[in-house]
Q: 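First, the structure itself, so that you have it in front of you.
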Amino acid sequence: MKSRILWLLGGSSAIIFFQAYMIAPLIPKLSDVFGVPEQQIGFVIPAYMIAYGISILFYGVLSDRIGKSRIMLFSLIAFVLLTGLTAFVQSSSQLILLRLLTGLGASGVVPMALALVGDLYEPHERGKPLGFLFAAMEGGMALGSTAGVMLEPYIGWRMLFLGIALIAAIILLFQWGSVYKTTPKHEVVKSSVSQMLSGFYKLLSSGRGLKTYSFVFWNGIFHSGIYTWLGLYFSQKYELDEFGIGLAILGYGLPGFLFGSLIGRAADKWGRFLIIVTGLGIAAVATVLLITDHSVIIAALAVTAISLGYDLTQPLLAGIVTEIGGKKQGGQAMGLNVFALFTGFGIGSLLFGEILRLGFDAALIIFASIQIFATLIAIPIFRKERK
């Protein structure tokens with residue numbers, strides 16, 4: 001039964017990430033459709049990501065009170081309705097508003113899936129199921145970033161949103177009868193606002209918690225900042241059309257999809273330290289490659305390597321978070337994790353977009369330099385995260 005639940009959690013997580021990563025490569029196209037500059041339509045990314053991150057703080061606390069599976073089902077319903085409505089917007093401002101509302105409504109799905117893994121599996125067993133969930137997210141990420149931009153010329157961007165809403169509705173039907181009825185009963189935690197804030201303080205007051213959440217936040221800034229503008233990068237530097245952009249970023253999300261479970265098992269066996277540091281370093285080096293004048297194939301491989309850097313870090317950081325929160329504070333701990341990650345996603349998208357005024361090379365140099373620094377300081381910070 002746990003295996004079936006895990007597959008359903010993976011399916012819902014995949015569709016959330018599919019639509020989240022489908023938008024960025026379409027920025028050049030949406031800019032033409034609505035007749036606005038790329039940086040203006042680019043607000044659809046932070047509108048979704050920041051709203052997603054902020055709302056999950058409340059979902060996390062609420063889940064500790066009424067149950068994680070209930071929050072997940074509510075969020076999936078909101079996702080289905082709001083994603084379907086997005087297909088009917090008539091202006092860029094309406095699109096940005098619907099993306100903001102979707103972020104507010106749908107943000108309970110993925111963190112509750114991760115928190116439920118903490119309820120279903122013992123700490124020493126979580127590496128593999130967490131790896132599977134992140135592989136599902138990465139699979140959705142890879143398909144969304146590529147399939148969306150490649151299908152758009154044939155079916156249109158509106159049909160993309162309607163199709164996603166339909167698939168999510170089917171997943172919702174299966175989850176209603178499985179996840180909600182079979183997940184472990186939660187321990188009710190009735191908390192006031194002061195207790196909620198106290199819970200956040202408790203999670204951040206330990207050195208391990210503060211350091212982990214800080215790296216989750218930077219991970220979000222770095223990866224979203226670069227990914228959001230990859231469509232524009234390949235459009236401007238290599239003059240690729242939508243189909244070419246889809247091929248160029250085909251590898252984004254692919255390493256996690258193929259090797260997510262393997263990375264999880266490696267963490268269970270050898271510990272997280274070397275894997276996290278390696279992931280940070282790979283992403284830094286790959287970003288440097290995007291600056292240099294290589295062929296489009298080298299640039300596409302660099303994009304895949306950046307994705308691998310995410311796959312080697314974020315699932316393992318989430319594993320640390322499940323240990324920090326434990327079962328009593330699991331929902332709040334994972335909520336804070338997703339808040340840090342998705343707020344970082346939104347800020348990274350905005351920040352990179354602003355630095356783009358100096359040119360792509362300048363933006364990539366700044367992000368790569370900070371990532372190199374993050375790799376170096378991660379060595380003493382995570383050296384205790386061994387088996």
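Start at 1 with the first residue, then count along the sequence. Below, each value reflects all heavy atoms present in this structure, side chains not excepted, and no hydrogens, waters or symmetry copies.
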Q: So which atom in Leu9 and which in Ser12 form the shortest heavy-atom distance, rounded to 0.1 Å?
A: O-OG, 2.9 Å
Q: Can you pull the ring pair (Phe, Tyr, Trp, His ring centres under 6.0 Å) pairs that have at least one residue in residues 288-316, sequence neighbours excluded?
A: His223-Tyr310
Q: Distance check, rounded to the nearest 0.5 Å: Leu151 atom CG versus Met22 atom CE?
A: 10.0 Å
Q: Using a cut-off of 6.0 Å, state whether more than 12 heavy atoms not belonging to Phe360 lie near its atom CZ.
A: yes
Q: Ring-plane angle category for Phe17 and Phe342, please: parallel below 30°, perpendicular beyond 60°, tilted otherwise.
A: perpendicular
Q: Any chance OH of Tyr238 has more than 12 other-residue heavy atoms, nucleotides or ligands included, within less than 6.0 Å?
A: yes
Q: Does Ser75 use its side chain to pair, donor to acceptor, with the backbone of Met72 at less than 3.5 Å?
A: no
Q: Report the C-alpha separation of Phe215 and Phe382 in whole Å, then their side-chain angles, then the decisive distance to 0.1 Å, and conclude whether the ring-ring contact (aromatic ring centres under 6.0 Å, His included) test is met.
A: CA-CA 10 Å; Phe215 267 84; Phe382 292 106; 5.0 Å; yes
Q: Check whether the ring centres of Trp157 and Phe34 lie less than 6.0 Å apart, and answer yes or no.
A: yes
Q: With a 4.5 Å limit on heavy-atom distance, are the side chains of Ile347 and Met49 in contact?
A: no
Q: Is there a donor-acceptor contact under 3.5 Å linking the side chains of Ser224 and Ser349?
A: no
Q: Considering non-hydrogen atoms only, spot the tightest contact between Asp361 and Ile291 and give its length.
A: OD1-O, 3.7 Å
Q: Do the side chains of Arg357 and Glu38 get close enough for a salt bridge, i.e. N-O under 4.0 angstrom?
A: no
Q: Answer yes or no: is there a donor N or O on one side and an acceptor on the other, between the side chain of Ser235 and the main chain of Gly231, under 3.5 Å?
A: no
Q: Report yes or no: is the cationic atom of Arg99 (NZ for Lys, CZ for Arg) closer than 6.0 Å to the six-membered ring centre of Tyr48, at no more than 45° off its axis?
A: yes
Q: Apply the test side-chain contact (heavy atoms from CB on, under 4.5 Å) to residues Leu160 and Glu152: give CA-CA distance (whole Å), side-chain angles for both, the deciding distance (0.1 Å), then the verdict.
A: CA-CA 7 Å; Leu160 286 174; Glu152 195 281 332; 4.2 Å; yes
